[in-house]
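Structure record follows, encoded as structure tokens.
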Number of protein chains: 4
Amino acid sequence: METTSTFQNIPTDKQLRVLTEARAEFAERGFLGASMNRLAARLGIAKGSLFKYFGSKEGLFAKVFDQAVDRFSEGLRQARDETAGLPLAPRLERILDEGTRLVRQHPDIYRIYLKMLNHEDFPLRERFLSKVRALSTRFLTPVVLQARDRGELPPDLDPDLAVFVLDAVLDRFVLAQAEPWMAAGLALSLEDPEAARRTARKLAALLAGMLRANAPNPSPPEGTPLGIDPLR
Amino acid sequence: METTSTFQNIPTDKQLRVLTEARAEFAERGFLGASMNRLAARLGIAKGSLFKYFGSKEGLFAKVFDQAVDRFSEGLRQARDETAGLPLAPRLERILDEGTRLVRQHPDIYRIYLKMLNHEDFPLRERFLSKVRALSTRFLTPVVLQARDRGELPPDLDPDLAVFVLDAVLDRFVLAQAEPWMAAGLALSLEDPEAARRTARKLAALLAGMLRANAPNPSPPEGTPLGIDPLR
Amino acid sequence: METTSTFQNIPTDKQLRVLTEARAEFAERGFLGASMNRLAARLGIAKGSLFKYFGSKEGLFAKVFDQAVDRFSEGLRQARDETAGLPLAPRLERILDEGTRLVRQHPDIYRIYLKMLNHEDFPLRERFLSKVRALSTRFLTPVVLQARDRGELPPDLDPDLAVFVLDAVLDRFVLAQAEPWMAAGLALSLEDPEAARRTARKLAALLAGMLRANAPNPSPPEGTPLGIDPLR
Amino acid sequence: METTSTFQNIPTDKQLRVLTEARAEFAERGFLGASMNRLAARLGIAKGSLFKYFGSKEGLFAKVFDQAVDRFSEGLRQARDETAGLPLAPRLERILDEGTRLVRQHPDIYRIYLKMLNHEDFPLRERFLSKVRALSTRFLTPVVLQARDRGELPPDLDPDLAVFVLDAVLDRFVLAQAEPWMAAGLALSLEDPEAARRTARKLAALLAGMLRANAPNPSPPEGTPLGIDPLR
DNA sequence: AATGAATGAGGATTCATTCAT
DNA sequence: TATGAATGAATCCTCATTCAT
């Protein structure tokens, strides 16, 4: 199931080609739809070699998926760290932009990530999902905590709740660019990066405002006139 | 592609069994992974009958999927309409609760939706997904507009943006119950309905607050002194 | 295998519809390609009825084929008998024209006749082929014999040989109109009846001349200049 | 559709066996009737291998058919070229004899041709049949033209008409040996080669005479007095 | 180490036919 | 008599995987 040393020993550029082509095959067809036969033909190498390298279809997918998660988490972590000192809104905006950039630069990787999410009968699922979870939780939690510590957010805000919301919206924002039918009425398309940036800006402001406004008492008195909203 | 009259003519309880078992097969394996052979065996009927009933694997899936969408949309629409007069927060809470109820009552249906969402390049993907999206958008848009008209939300709030965020969070909230690894740090599990209800309450308040707090100018001047923030 | 009395008892126009549609199905798809399921659907009657009427697919085909042969032989026999007193060339021309007319009027029938010819593993083959053979041999032999008796053809002409050649060319002439790729360089198309008639005229003259010229000594001395051909 | 290199790489005798057995399967059952499953069983190899070799049933058929056409056209071309200097009658006789020889030597090939001719609406029908027709036309046209140029035939003879007749009779002559019920009253059977040769001799003389006798004016005046016909 | 021929289970689908209603 | 639901064998074809070379 694991990548064998045989694969490590072949020339680096061939390794790269194999993984790139495999990623494309999985991205285009999904795990079940992908075919080792077709992949071997794409690559012009022997079918046997693929099994020598990765043991099985699953083994190959594992390798491809690991790489995909690594590449995405790296980009996002960098965006987070570069904005460590900024207020929440610009940070979120930068993170959304980075999501845009990643999905544009590595569309195959993102599609594989998506396919993986709900692939229930996959043997290595546990391992993969823990990776994904860690990515999203460990990545956003510091952003929220730092904002709270800096006084930008109410101290009684539940950080888990905030991370949950941010994660959901961030995920959907990226997804909506890869899958236009997800964009609902928003201007989000791979063809118009500028529109995506404007939407990211508005979204970041909205999210930051939401968290800042979060009140400890869940449901405020009805009819409170907006003008004298105590939160403003 | 369409359900034939043959299927309409068989006993209702047999119709039910066929659709239930088919839903389970698709939920467990996804579209590509599902097998008409296996399904026929599960049902103890001839393979040919399935094709008589539904024409093709796609035809069967279409039937199952349409039913699923109907069942979910019905529940959500009801939740929305029953709360037509209430303020935003309790409405959202009720909608989140309804999502919880639906995913618990029809886990297979939700699993099929998930499979479709990210998973496979099956033939009718586009048609089905746009159906789901339209459902969700048409469903949430009135909620936002009514809240705005009632003065609960700022008049310059972009409704599409608000719907986008609500949809993303609602989706994730339901997903997190079907897939506990998605819950991040939140208390959300199919085993503890009470916890889910508490989380729904907090989440609804957070979202309502977000929309209320939304400012017309997307990104406020960076230097906004936090000092005069009443929340401090 | 035989048409049952059940079929004889249904309304005549329904009988007609069933046989017409069946003929079309067999003509379009061939025996193996034809589908009883599809035919029943075309007719809008129950599958079971077809089997009640004809016992089996083969039984239905037998019925259709018998009808086809009857209709063709009837037309040709009539053409022959109407021209009983004429010289050979006009008789052949009239027969060729009748072939043209038949294949234009009943294209399905002709296509079925063709399909039947080489359908080796058909159980009723013997019976069918004897019908076809009888048709062609019994039909043309009198034409040749009468021409010989009337002194139009050399008395030592082998009638079987003459019938063989006439049958081959007549068959091909009709076939070439049903299947244009068979026409080689000749002007023969279903769209242009006049061209077919001209070709028939030339062909009839050629054939009549051939038979008239037939010499008892098979291979004439080489180089014999045509001008002093002893046969003229 | 094309034969893959996989097939080229297996031992020659296995290649031969596969093609021979495939030819027999198609000859016995026709294109639709032939079964890849049955063929694999006949050969004692895996089903998958056949598809590796030829891609599809059509691909296999194309290979078998191309081989068949090649083998037949080669023999006929040789017969034609060997008799380039001879008068028409002996040339035709030699060609008829070669037809006899080919159908005896490769009965399966001829049976496949027959199946294709009239039988089925299989996918590549048009392509294959036009190939066969072109072969036959291109093959006979030079024979006719050379005879005309050598003064053996009237210069105003329509070559297309002559080729049409020759082709029809040649075809039927060969067919009559493969399918005795087609022989009408002629002595033509696979069991008695000598009888076939005698018939070929008579037929060749008849055909040569036909062409020689062909008059420029298609239909001679009906009243032509038979009394001065030297043949009487 | 790499190859690629061989495998045979399994895929979706169509079919002629039967028989209870 | 007519129906049409049920059957399950057979169709072509693809697949991941193995293993002798």
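Atoms considered below: every heavy atom in the structure, side chains included; atoms not considered: hydrogens, waters and symmetry mates. Naming: A, B, ... by sequence-line order, numbering from 1 per chain.
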So, is B:Ser35 near the phosphate of E:dG10, with a side-chain N or O under 4.0 Å from OP1 or OP2? no
With a non-hydrogen cut-off below 4.0 angstrom, is D:Ser49 in contact with a base, only sugar-phosphate, or nothing? base
Counting only side-chain nitrogens and oxygens, does C:Tyr53 get under 4.0 Å of the OP1 or OP2 atom of F:dT1? no
Residues two or more places apart in sequence or in another chain: which of them pass side-chain contact (heavy atoms from CB on, under 4.5 Å) with B:Ala22? B:Leu39, B:Leu60, B:Val64
Any Lys/Arg nitrogen of B:Arg42 or B:Glu28 sitting under 4.0 Å from an Asp/Glu carboxylate oxygen of the other? yes
Give the nucleotide from the list E:dG11, F:dT7, E:dG8 with an atom nearest to the side chain of B:Ile45. F:dT7
What nucleic acid atoms does C:Ala34 come within less than 4.0 Å of, heavy atoms only: base, sugar-phosphate, or nothing? sugar-phosphate
Contact check, residues 9-23 of chain C vs DNA chain E, heavy-atom distance under 4.0 Å, returns none
Listed by chain and number, what are the ring-ring contact (aromatic ring centres under 6.0 Å, His included) partners of C:Phe7, not counting sequence neighbours? C:Tyr53, C:Phe54
Enumerate all atom pairs, one protein N or O and one N or O from nucleotides 17-19 of chain F, separated by less than 3.5 Å.
unit_1 : atom_1 : unit_2  : atom_2 : d
F:dT17 : OP2    : A:Lys57 : N      : 3.0

List in chain and number order the residues that pass side-chain contact (heavy atoms from CB on, under 4.5 Å) with A:Phe51, two or more places apart in sequence or in another chain; answer none if no residue qualifies. A:Met36
D:Asp70: what forms a salt bridge (Lys or Arg N to Asp or Glu O under 4.0 Å) with it, not counting sequence neighbours? none
Taking OP1 and OP2 of E:dG4, is either one under 4.0 Å from a side-chain nitrogen or oxygen of D:Thr6? no
The side-chain hydrogen bond (donor to acceptor under 3.5 Å, both in side chains) partners of D:Gln15 (sequence neighbours excluded) come to none
Go ahead and write out DNA chain E as dot-bracket, 5' to 3': ( ) for pairs within the strand, [ ] for ones crossing earlier pairs, | when the partner sits on another strand, dots for unpaired; Watson-Crick or G-U wobble, both distances under 3.5 Å. .||||||||||||||||||||
Taking salt bridge (Lys or Arg N to Asp or Glu O under 4.0 Å) as the definition, give me every residue that meets it alongside B:Asp108, ordered by chain and number, with sequence neighbours left out. B:Arg111
What pairs with B:Asn9 under side-chain contact (heavy atoms from CB on, under 4.5 Å), at least two apart in sequence or on another chain? B:Ser5
Beyond-backbone contact of B:Leu43 with B:Leu50, side-chain heavy atoms, under 4.5 angstrom: yes
Check salt bridge (Lys or Arg N to Asp or Glu O under 4.0 Å) between C:Arg38 and all other residues, then give those that pass, not counting sequence neighbours. C:Glu25
